[in-house]
Amino acid sequence: MRFYFALFMVLMLFFSCSDKNKSQIDVSNIKVDFSIERFDEDFYNANKESLSNVKQKYPYLFPYSLTDSIALSKINDAQERELYKETRQVYENLTKLNKDLTSLFKHVKYYYPSFESPKVITMLSNIDYDNRVIYADSLLLISLDAYLGKTHRFYADFPNYIKETNTENHIVVDVANAIIDSQMPTSMQRRFVDKIVYEGKKAYLLNSYLPYVSEAIKMGYSLEKLNWAKMHEEQIWMYFIEKNLLFDTNSKLSQRFIDNAPFSKFYTAEDKATPGRIGVWLGWQIVTSYMQHNDVSLQELLKKDSEEIFNKSKYKPKK
């Protein structure tokens with residue numbers, strides 16, 4: 001009996017490794033050229049005499065309303081200084097960020113050869129969670145103060161599902177998502193199934209760009225929340241079927257199952273144990289199944305209609 005169990009475990013490991021390798025491509029020969037410039041350091045180390053040099057280096061970060069007196073007041077503000085000090089302690093160097101972005105940009109360029117790596121600027125934004133990464137083709141702004149670690153005291157009042165993504169490992173995920181948003185045409189479809197498949201496309205693209213990043217980090221989940229989703233995949237799917245939600249156009253379904261939230265709203269006693277955005281995760285499983293059963297490139301996938309993807313996915317939830 002022990003022999004068969006051992007054999008089973010070896011086979012599971014083999015197939016797991018095989019599946020993992022399928023999603024990993026060789027980007028070692030792809031060249032990307034970009035620089036990371038530290039506006040956070042240049043700005044907070046500036047004084048009355050050197051501020052003009054900083055303005056010349058980063059003119060796009062000095063709107064007309066930001067006068068020299070306001071900028072100097074900001075530089076010398078006690079709370080601003082503390083924010084900079086804490087960020088500097090976490091990000092004394094950007095070796096990991098450089099490595100993560102290099103891998104990401106190489107994978108994007110593999111699928112889209114015309115992609116040009118942007119100039120990367122690190123900054124502080126007073127922990128502006130909604131705008132912690134801004135991507136505009138040739139420019140990428142990253143607010144480091146939003147990634148100091150989920151246990152950092154600056155985030156003490158943040159809900160846990162937000163804190164979960166306030167880490168260094170989530171920077172590259174947010175950058176990838178910002179690039180994907182620029183590549184994906186906006187969907188105006190209203191049916192719930194169309195929405196989750198659209199989100200599933202984005203998640204599949206994210207997985208292709210970041211094959212070495214864990215599923216939990218890509219989804220912004222804790223391991224407990226991810227395990228809940230995997231263990232209850234069949235029940236989630238049956239709930240959507242039995243409640244006739246797939247073809248429903250009620251906009252509240254996005255709030256319940258797609259938008260960022262502490263948990264998904266099935267309206268049951270177990271809701272708080274669920275991860276938010278469960279519709280996104282399920283859409284990812286549907287699109288993954290579609291790609292496994294159809295000979296379609298990544299670029300072709302993005303052009304496919306959500307109904308075609310859903311109908312040809314042969315999706316069956318894991319029991």
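Position 1 is the first residue of the sequence, and the numbers go up from there.
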**N-O pairing of Arg88 and Glu41 below 4.0 Å** = yes

**Request:** Just grab all the ring pair (Phe, Tyr, Trp, His ring centres under 6.0 Å) pairs involving residues 281-319, residues at least two apart or on different chains.
**Result:** Trp237-Tyr315

**Item:** Given Asp174, Thr87, Thr167, the one that forms side-chain hydrogen bond (donor to acceptor under 3.5 Å, both in side chains) with Tyr147
**Value:** Asp174

**Request:** Please say whether more than 12 non-hydrogen atoms of neighbouring residues, nucleotides or ligands are located less than 6.0 Å from NZ in Lys316.
**Result:** no

**Request:** Decide, yes or no, whether a salt bridge links Arg277 with Glu199 under the criterion of side-chain N to carboxylate O below 4.0 Å.
**Result:** no

**Asked** Is the shortest side-chain N to carboxylate O distance from Lys265 to Glu270 below 4.0 Å?
**Response** no

**Asked** Between Phe115 and Tyr112, does the ring centre distance come in under 6.0 Å?
**Response** no

**Residues, nucleotides or ligands: over 12 heavy atoms within 6.0 Å of Asn47 CG** = yes

**Request:** Say whether Ser254 and Arg190, considering side chains only, have a donor N or O and an acceptor N or O under 3.5 Å apart.
**Result:** no

**More than 12 heavy atoms from other groups under 6.0 Å of NZ on Lys163** = yes

**Request:** Examine distances only and state if a side-chain atom of Lys201 and a backbone atom of Leu302 form a donor-acceptor pair shorter than 3.5 Å.
**Result:** yes

**Item:** Side-chain donor-acceptor pair present, Glu80, Asn126, cut-off under 3.5 Å
**Value:** yes

**Prompt:** Do the rings of Tyr58 and Tyr60 sit parallel, tilted or perpendicular, given the 30° and 60° boundaries?
**Reply:** perpendicular

**Fill in**
When rounded to the nearest 0.5 Å, the distance separating OG of Ser117 from CG of Leu140 is 10.0 Å

**Message:** Do the side chains of Lys96 and Asp100 get close enough for a salt bridge, i.e. N-O under 4.0 angstrom?
**Reply:** yes

**Message:** Under the ring pair (Phe, Tyr, Trp, His ring centres under 6.0 Å) definition, can you give me all pairs with a residue in residues 247-272, not counting sequence neighbours?
**Reply:** Phe192-Phe257, Tyr239-Phe266, Phe240-Phe257, Phe257-Phe266

